[in-house]
Structure formats: C-alpha cells, structure tokens
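Worksheet for the structure shown next.
The shown structure was predicted, so the numbers you read here are calculated from the model rather than taken from an experiment. We name chains A, B, ... by the order of the sequence lines, and we start the count at 1 in each one.
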2 protein chains.
Amino acid sequence: MSRPAAHRRASIADVARAAGVSVGTVSNVLNRPDRVLPGTRERVEAAIAELSFVRNGSARQLRAGTITTIGAVVLDIANPFFTDVARGIEERLDRDDYTLMVASSDDDPGREQRYLRLFEEHGVQGVIVVPATDDIEHLQAIRRRGTGVVLLDRPSPDPGISSVAVDDVRGGELAAQHLLEQGHTRIAFLNGPHTIRQCADRHEGVVKALAAAGLDPEAALTEITVTSLNAEGGEAAIRGLLESGDQPTAVFCVNDLVALGVLRTLRTENIAVPADMAVVGYDDVAFAAELSTPLTSVRQPTHELGLRAADLLLTAPDTAEHVMFQPTLVVRTSSARP
Amino acid sequence: MSRPAAHRRASIADVARAAGVSVGTVSNVLNRPDRVLPGTRERVEAAIAELSFVRNGSARQLRAGTITTIGAVVLDIANPFFTDVARGIEERLDRDDYTLMVASSDDDPGREQRYLRLFEEHGVQGVIVVPATDDIEHLQAIRRRGTGVVLLDRPSPDPGISSVAVDDVRGGELAAQHLLEQGHTRIAFLNGPHTIRQCADRHEGVVKALAAAGLDPEAALTEITVTSLNAEGGEAAIRGLLESGDQPTAVFCVNDLVALGVLRTLRTENIAVPADMAVVGYDDVAFAAELSTPLTSVRQPTHELGLRAADLLLTAPDTAEHVMFQPTLVVRTSSARP
DNA sequence: AGCCCACCGTGAAACGGTTCATAATGTAGC
DNA sequence: GCTACATTATGAACCGTTTCACGGTGGGCT
C-alpha cells in the first residue's frame, strides 16, 4: 500500500525537456529568476510543479560549494541548558537565514567525532561544539581544513580556535564559597568525569574555595563521579553516598538535572533539605526556582552563550576570539542555613 | 591570525597522486578495504593522513545515492517533551548506525518547510515530523517523491502516511474529567492554537468530558490561546486571565512548561494551589513531581514514541502504519480537592 | 543603413566522488 | 609450456547541479 513511485526523482534536465528550454535556463529560474523572461519562467515553473521537482542538494553543493548551514554538537540534547543555548544559536542564525542542525554526542567522544565528520563531509560552514573530551585535536584538524569551529561552554586551549565559555572555575568557587559561608565543612560534589573540561574546572574552583577557607580539600570534600549527567545519574550517585555512611551536610551537583535526582531521592528518604542536607545545582534552569525546595544554582547566560557562538561563526569566521562570561550564584531555599 | 589555508580541500585525485595509485583504488580503500593489497592500502592511508583528506559527502552521495541519516523536525527544541522523544529516536537509530539531525520549527510552518526541504534536498532516508499545521500536503508530496515520512505526536489523516501518536482527545478528556471529579465547574484551558492538531484534539476531549458531565461547555470553559508554548507564554496567559476578572477555579495547561509559568505566577500573586486554583499540566516532564506544588499531569510515553517512529522508518519504510498510544493521568497535589 | 549594446538563452565544462568493464599480473593445474 | 582463473588495479563514465563564454535577436542611435 502506498508504495511511492520507484521512479528516479526528476532532474533539472527533465524539467528543461518538459518546458522546452535548456538546463541552464532552469537553473537560472531557480537561482536568478530576474534574468529570465517572465513567459519562459512561467513555463519552467509549471514544469517544476508538474514533475514535482526537488533540487538535488548534493549536486548543487558539489558544484556551488557553499551551504548556509551550521552544525552543533552538544553533550545531551535532553538537558535544558543545552537546548537553551541552541535557542540562542538559532535566534542568531535566523537573522542571516542560516539553518541549524543539532546532534547530541551523549558525552561519547566517538559519537561526537561521527557527527563532526558528517557535518564536515557535508560542507557545513561551521560547527559549534561542546567537546566530550579534553583532546581537541580533531577540532583543530577541522579548522585547518577550512571549516569554522567554535568551542562552546569551554575555553579554548588553542588560541587559534574560538571559544565562548563561562568561567567554570569561578562557578565551582561560587558554589563552594556559599556552602562554606553557610557553615558546611563536609561537602559532597556530584561531578561528571574530569575528561569533560567543565567538570574538571568546577572541581578546581571548589578546591580553591576550600583551600582559601583554610580547609583540607582531601578531608572536606568527597567527589563522586556521576556516570550519566541527568536525574537518574543524580539519584544513583546520592544513593551510593547515603549507603556509604559517609555523611556530608551539603551536596553540590554538577548540573540541575543531577540536583533534581538528588532532591527527589532525599525526599523519598525523608532527609530534609536544607535542614539535614543542603543542595546546590548548576545552570539555573527554568524550573529551579519552582521546585518543592527552590534550588540554589549557579546561573550561566545560556542564551547569550549561543547567540555569541553563532555570531562568531557568521561575522568573523577567519579570526579566533575568546569570550568568557561570568557565572552568578542564585541563592534559594535549598541551601539556606539550617 | 590563524587564517586557515585557503587551499582547496584535498580530493581523492590528490590522494591518488600522492600515493601513486588510481582514484578507483583510493575509493576502494575507503569503501572496500579488503579488495586492496595491504601494502597499497597502507600507502593510500598514509597519503590520506598526510593530506588530511576528508571525503566530500556531496560528491559521494550524488553518485552513490544513499545516506544513513534521518531528520527530525520538532515544534520546540527547548521543550523536554520533544527532547525526550528525540532521545528515543536516537536510541533506535544507534542500533542501525544511523544518525539523527534535529531541527526546531518553533511552531512556524515556514520554518518547518524550510527544514524539510533542506532534509529532502540532501537526501535523508526519512523524516520524522511534528507538524506545525493541520495541512500535511507538503508531507504527502515528500512521501510521493520517495522519502520516508512519519508523523509524530499526531495521528495521520492520510492512511498512506505513517504516524505515531498519543490519543490527545483522550488526554484532554482525562484532565477535564479529573477536574470535574474534584468539583470544578469553571475551567480555564490555556491551549495552543487549534492549527496545531494536538491542541485542537485536547480541546475536543475537554469539551467531551464537560458535555458528558451535563455541563454547557460554553459556560464552563474559558479557552485562552497561549502564543508561545513555554513558561513565558503560560505566565502571560494566566496574567491576562487574572486581570480579566473571569475567575475559574481550575487551569488546564497544554503542556508542563506553560503550567510552570502558571505556577510561578500564581505563587507571586499569592494565589494558593490547589486551594484557590487547581492546575493540571500535560506531558509529565521529569520535574513535574518535584515542583513546589507537585503537578498533576497527563503522561505520554515519550521514549516509546520516538523509538517507534524511528523503527517504522527503518524497518518498514514503504508501508504505512498507525500507532496510537494511550495517555495516563498522574494525579499530584496541584489538583487535590480544596 | 549600419553599428553597438542589452538582453535571453544555450550547451558544455566542472565539481569530486563511485562503479564497473577491462587490463595486468600472478598462480595453479595439466 | 600453456591454459584457466583469481586477484588487483585502472580509468572512464556517470550522478545532477552551477557557471560561463558565447550566439542570436532586436532596439536605439547616428
């Protein structure tokens, strides 16, 4: 049923034949209609409609060379932080009639590379990448081959490659400082793997704050690696912590999804927040303020992040720029002094 | 600074020249390495590395014809509902080593068409679309031209086009029935435009439930059209309602993001939920249970939705199938009897 | 009338791969 | 030593566009 016609798709030559013109003319109708007499144009347009012709993008691009698409590879498409950034990118691209293709690497360097290769092979004008590893050699290679590259949410170790980031060391520091000020001296950090730069940086910030307060990071900090950076990951991690008997009085979560899982688990385990356990998240996603215990979180300018990254790609594709935003701490109930 | 080499990208011919073989051999190394003597292969691979050659996807596809990519166009990439669905799609595609490109139409039929055209011109094997309008003629045309099409989150009016959906009439009915059972007789429905099928269907379900309860839908129901289906849209809509003086005792929101905006606004306006106003959402996103007033919501099997849609495209590209899931109501505090 | 120019339309080259018929080489069997 | 055959490598045709040098036509001007 409904098997589509197995016919070869109509080509420009078919259209030309049907309209009684040359292929060059059909191409002109498609790309520079003003150079074609209205009468001819109409005949061609009729033929296009008749044959329901759709341009072959591969052939077009092969010959013409350019395309107004840019690709983005984010760590997790289900994380509101990244989709908010994507909205920012889209907004900027829209202004120049560019289109955005989004792919999710799932923290997997292999997937990231696959998607980047796909984008590059298809000749996108640039890529915006939140790298899944510290190693950006493959990105430098892409850049050398002439495709624009912007590192997102992480500063570039290579001055030749643009980046738009938020100071993650400062973010970690802000969160830890705040918890220290609330009197906590035993803090758990539910962090992602240090192969993800942001995670390593936030850890560094936490350690810095602890040291500045005269505490021994070894003793005051328990870092737990969350395998998947979402609510399920947070739930698993906090359960592991609770069972370990090691009892800090505060939990700092690498993102708000993880914090969501933590809050959910603490509630079912009847551990009061913030009385028995303070919780701080990261990203300040839309729902953070509306949770049963409004969540203290480190805010990043998501929209601007995306806007700026896209802007770099469109307006200065050949020069490298490094933008660093500063995070801010939004204090709410989840970390109030017990 | 760091201006990339303006050189033309290396082509297969360059590689062939460098390795001292023919272009056919290079192509064989790339596509059927076993047909090439190890020695030759190594020389070619060395040349590839040397020139940092990247295959031109357009040329490849132009000649070879196929590509293992499928495209998805969703209404709003920032809505967790759609990204959860996307995760389901990805999971299924991964099993067959397909890749997914996601684009967001922003409820705009024009954007939707632009992205679909882009996908089609680039020869994706299929598209998964959450249509922004009732009119699916352009999708039927794509189908006729031989590209797979699956309608997502909305039943297909054309038996020849596959769809994977959740019964939205039933969903609206569930929500309304529940509110009626809680004793509400004046209900506001913060809905999206009826041009979006899901919105029209949910409205139909609400009306059905009211009628079944012997109420006059005209009198019992105030429908307010939310312009952007997110928290900001919800906030604007509920403020409009509050100012209008028209005071229902319950609000049914077309999705949880809108509900989030409503809850946020009611809290700042000191209107108690559910005592002064009951709230019901739709989608049962991850954070619904953890809100300050845990949100009653209509749950849809997001992951399965995506899984199934991708499966249809991969396993039965030439036959049309229609899958309809049933929603369930998850009752929480936000709609408890006052 | 003759010249110049603007305007349309033509058709073939080029883009960079894949594919396939064919050539070249080696190897086994008799 | 010769044939038959398997294994590799070759190179030209082809995919469907865009682009561009060129030819034809007709109008305006001297």
Side-chain angles (χ1 to χ4, degrees), chain A residues 6-45 47-48 51-69 117-118 120-124 145-147, chain B residues 7-45 47-48 51-68 117-118 120-124 145-147:
Chain A
H7 305 313
R8 188 176 49 78
R9 266 160 58 156
S11 78
I12 240 187
D14 299 326
V15 173
R17 205 170 309 123
V21 298
S22 73
V23 293
T25 302
V26 177
S27 179
N28 277 335
V29 169
L30 257 25
N31 303 303
R32 317 181 198 63
D34 46 304
R35 290 202 198 164
V36 178
L37 274 190
T40 320
R41 182 171 34 192
E42 278 157 27
R43 255 183 314 139
V44 173
E45 278 163 354
I48 287 177
L51 301 174
S52 72
F53 163 77
V54 173
R55 222 198 322 243
N56 182 319
S58 305
R60 169 191 177 72
Q61 199 182 325
L62 172 60
R63 180 62 238 239
T66 66
I67 185 183
T68 56
T69 297
R117 173 150 291 254
L118 196 68
E120 194 183 4
E121 287 187 351
H122 281 80
V124 298
R145 288 182 220 115
T147 301
Chain B
H7 305 311
R8 188 177 47 79
R9 265 160 58 155
S11 77
I12 232 183
D14 300 325
V15 174
R17 205 170 310 120
V21 298
S22 72
V23 294
T25 301
V26 177
S27 179
N28 278 335
V29 169
L30 257 26
N31 303 303
R32 318 183 199 62
D34 47 304
R35 291 202 197 162
V36 178
L37 274 189
T40 319
R41 182 172 34 192
E42 277 158 27
R43 255 185 312 139
V44 172
E45 278 163 354
I48 288 177
L51 300 174
S52 73
F53 164 77
V54 173
R55 225 197 322 241
N56 181 319
S58 305
R60 169 193 176 71
Q61 199 182 326
L62 173 59
R63 181 63 237 236
T66 64
I67 186 183
T68 55
R117 174 152 292 255
L118 196 68
E120 193 183 3
E121 287 187 350
H122 282 80
V124 298
R145 288 181 220 115
T147 301

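Within 4.0 Å (heavy atoms only), B:V26 reaches no atom of the nucleic acid at all. Using a 4.0 Å heavy-atom distance criterion, A:S27 is classed as a base contact.
Summary of helix geometry: the two end axes of the helix from C:dA1-D:dT30 to C:dC30-D:dG1, each defined by five base pairs via their C1' atoms, are inclined to each other by 40° (rounded to 10°).
Checking the phosphate oxygens (OP1, OP2) of C:dC8, no side-chain nitrogen or oxygen of A:T40 falls inside 4.0 Å.
Between the CZ atom in B:R9 and the CZ atom in B:R55 there is a gap of 12.0 Å [rounded to 0.5 Å]. One distance of note links CD of B:Q61 with CD of A:E121; it measures 10.0 Å at 0.5 Å rounding. Summarising the geometry, atom CZ belonging to A:R63 is positioned 15.5 Å from atom OG belonging to A:S58; distances are rounded to the nearest 0.5 Å. Separating the CD1 atom in B:I48 from the CD1 atom in B:I12 is a distance of 8.0 Å, to the nearest 0.5 Å. The distance from atom OG1 of A:T69 to atom CG of B:L118, rounded to the nearest 0.5 Å, is 4.5 Å.
As rounded to whole Å, 5 Å separates atom P of C:dT18 from atom CZ of B:R55. Across the protein-nucleic acid pair, A:Q61 atom CD and C:dG17 atom C1' stand 13 Å apart, rounded to whole Å. The distance between atom CZ of A:R43 and atom P of C:dC8, rounded to the nearest whole Å, is 14 Å. The separation between A:R9 atom CZ and D:dG16 atom P is 10 Å, rounded to whole Å. Nucleotide D:dT10 holds its C1' atom 16 Å from the CZ atom of B:R17, rounded to whole Å.
Within a heavy-atom distance below 4.0 Å of DNA chain C, the residues of residues 30-37 of chain A found are A:V36, A:L37.
Taking every heavy atom of both residues into account, B:V36 and B:R41 meet most closely at CG1-N, 3.7 Å. Residue A:V23 comes nearest to A:A13 through the heavy atom pair CG1-CA, 3.8 Å, listed as atom of the first residue, atom of the second, then distance. Minimum interatomic distance between A:I67 and A:V124 (heavy atoms only, all atoms of both residues): CG2-CA, 3.9 Å. Nearest approach of B:F53 to B:L30, heavy atoms of both residues: CE2-CD2, 3.8 Å.
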Return the polar atom pairs (N/O with N/O) between nucleotides 11-15 of chain D and the protein under 3.5 Å, or none.
from, atom 1, to, atom 2, distance (Å)
D:dC14, O2, B:R63, NH1, 2.8

Would you please test B:E120 and B:R145 for salt bridge (Lys or Arg N to Asp or Glu O under 4.0 Å) and show each step?
-> CA-CA 9 Å; B:E120 193 183 3; B:R145 288 181 220 115; 2.7 Å; yes
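Using a 4.5 Å heavy-atom threshold, the side chains of B:V21 and B:V44 count as touching.
Residues B:G20 and A:S11 each lie close to DNA chain D; by heavy-atom proximity, the contact nearer the 5' end of the strand is made by B:G20.
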